[in-house]
2 protein chains.
Amino acid sequence: MGITERRNRDREKMRKRILDTAMKLFLADGYESVSMRRIADMIEYSPATIYLYYKSKDAIFYELHDIGFEKLYKKQSLAYSFKDPWKRLEKHGKAYIDFALGNPRYYELMFIMEAPEKDFSKKDEGDIGYRSFDFLVQNIRDCMDQGYLKKTDASVAAFSFWSLIHGIVSLVLRGKAVMFEEGQMEAVARDSLKYVMNSIRNK
Amino acid sequence: MGITERRNRDREKMRKRILDTAMKLFLADGYESVSMRRIADMIEYSPATIYLYYKSKDAIFYELHDIGFEKLYKKQSLAYSFKDPWKRLEKHGKAYIDFALGNPRYYELMFIMEAPEKDFSKKDEGDIGYRSFDFLVQNIRDCMDQGYLKKTDASVAAFSFWSLIHGIVSLVLRGKAVMFEEGQMEAVARDSLKYVMNSIRNK
DNA sequence: CCATGTTACTGAACGCTGTTTATATACTAA
DNA sequence: TTAGTATATAAACAGCGTTCAGTAACATGG
């Protein structure tokens, strides 16, 4: 019977319409400007209808959040085509900064804003978040093995690296780096990463 | 004429009452839970009254924001009693992490949350923020001069250092470091700083 | 084909939010 | 005592996320 299938398709279409509209509003004007009523207006349904497809506003944002992780993960994966672990580390860092500065709203949603709800964020973020972090840990370990980095707990070193790049982009995104000229921020971000990488390099 | 003076005192008292109440609510339950009506309830005035003393909710938070900067600045200043620039850098970083993890709400307000309003945040944050950053730049320069650090643009290196410590604490505060055990986070934060400082040290 | 049950949808409301405005009261100055 | 000013508030505005009773369209079994 094709009726249930069609219904499922319709349902998915509607979910997508809602998600796309939320994303459009979010990317254009940020979290604040996404309201259930605005989404409803744009898709020409009543606000209550949205609740038949998403259980809350947080649920919508959690899906956007997931899409962002997928995008970042793909971008980072490219770095791992190189065989030299140091080169991989460089590319990883560069990809991260590129993603954050190129998709500032996504980055804020994923790493800067308070997590929408504890119900969601536990398992799934672990899922792809862990995978990404494990990649980094392994790469750091390789760098240590090949003498590029001083040896220590690889998790701690990976966390350090992540902290550095997260710190760089989140200061830039939050406009805290006012001591640099507006147009120079991206360059400063990249130079910062280069400087530290150059300084920690052991061979 | 003592009347205007008394009125000014009363006015300041009222402002303080409002600010203290906002701070209490904020430190206890975070930004979300501070509403003009809750403040009004606690000080036993009507919500509208608050607007006679502060022009908006953002204005209140901007004052809290300032108080936080003052606290951080004081804590960091202690680091500068040491004459060895490397030791100063270590203490600076440690003080920063201690402040952030010891006053998470403040730290969020100051560096993580979206700035309340552009009207306020331009000049004054520059004021003490710049001072703090300049201290760091000078210290980094000293470290370079004495051979502790590889030479480069001192502003970029200072930004790198700031990014690292900001990154560490904001990942911890946002609960993104889920790969470490809850109780170990503070230790990881400190170890990360130690690892990087140990790695970038040039002599 | 009709009755029954299911699904999709919505208007109206609840209880919040920050903020504004008209109004009333209390205090000061002439 | 009167005029003027400062202080306080109730009520409302426009928005928010969310819930729920009620309606209308549709699918299905008899």
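First the proteins, then the strands, lettered A, B, ... as listed; each starts at 1.
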message: Need one value for B:Thr49: base, sugar-phosphate or nothing, where a base atom within 4.0 Å counts as base even if backbone is also close, heavy atoms only.
response: base
message: With a cut-off of less than 4.0 Å, is there a side-chain N or O of B:Ser35 near OP1 or OP2 of C:dT17?
response: yes
- request: Answer with base, sugar-phosphate or nothing: what part of the nucleic acid does A:Tyr54 contact at a heavy-atom distance below 4.0 Å?
  value: nothing
- request: Identify, with sequence neighbours excluded, every residue that meets salt bridge (Lys or Arg N to Asp or Glu O under 4.0 Å) alongside B:Asp153.
  value: none
query: Expressed in angstrom and rounded to an integer, what is the separation of B:Lys13 atom NZ from D:dT7 atom P?
result: 15 Å
query: Can you check the B:Arg7 CZ to D:dA8 P distance for me, whole Å?
result: 11 Å
message: Tell me the interatomic distance from B:Tyr45, atom OH, to C:dT25, atom P, rounded to whole angstroms.
response: 18 Å
statement: Note: for A:Ala48 and A:Val34 on DNA chain D, the residue whose nearest nucleotide lies more 5' is A:Val34
message: Regarding A:Arg6, tell me which of base, sugar-phosphate or nothing describes its non-hydrogen contacts under 4.0 Å with the strands shown.
response: sugar-phosphate
message: Rounded to whole Å, please give me the gap between CD1 in A:Ile60 and P in D:dG17.
response: 9 Å
message: I need the CZ-P distance between B:Arg17 and D:dT7, as an integer number of Å.
response: 15 Å
- line: Result for ring-ring contact (aromatic ring centres under 6.0 Å, His included) between A:Phe61 and one of A:Tyr31, A:Tyr54, A:Tyr106 points to A:Tyr31
task: Let me know the distance between CG of B:Leu52 and P of D:dT9, rounded to the nearest Å.
output: 9 Å
field: Euclidean distance, atom CG of residue A:Asn8 to atom P of D:dA27 [Å, nearest integer]
entry: 14 Å
message: From C-beta outward on B:Met36, which listed nucleotide comes closest to its side chain: C:dC9, C:dG18, D:dT18?
response: C:dG18
- prompt: Is the cationic atom of B:Arg201 (NZ for Lys, CZ for Arg) positioned less than 6.0 Å from the six-membered ring centroid of B:Tyr148 and within 45 degrees of its normal?
  reply: no
- prompt: Backbone N or O of B:Lys94 within a donor-acceptor pair of the B:Arg190 side chain at under 3.5 Å?
  reply: no
message: Can you confirm if the NZ or CZ of B:Lys75 lies within 45° of the ring axis of B:Phe99 and under 6.0 Å from the centre of its six-membered ring?
response: no
task: Ignoring the backbone of B:Tyr51, work out which of C:dG11, C:dC9, C:dG18 is nearest its side chain.
output: C:dG18
message: Is it the case that the base of C:dG18 and the side chain of B:Arg37 share a donor-acceptor contact (distance under 3.5 Å, atom types as modelled)?
response: yes
field: Interatomic distance where CD1 belongs to A:Ile43 and C1' belongs to C:dC9 [whole Å]
entry: 12 Å
- line: Side-chain atoms of A:Tyr53 come closest, of C:dC9, D:dA8, D:dC16, to C:dC9
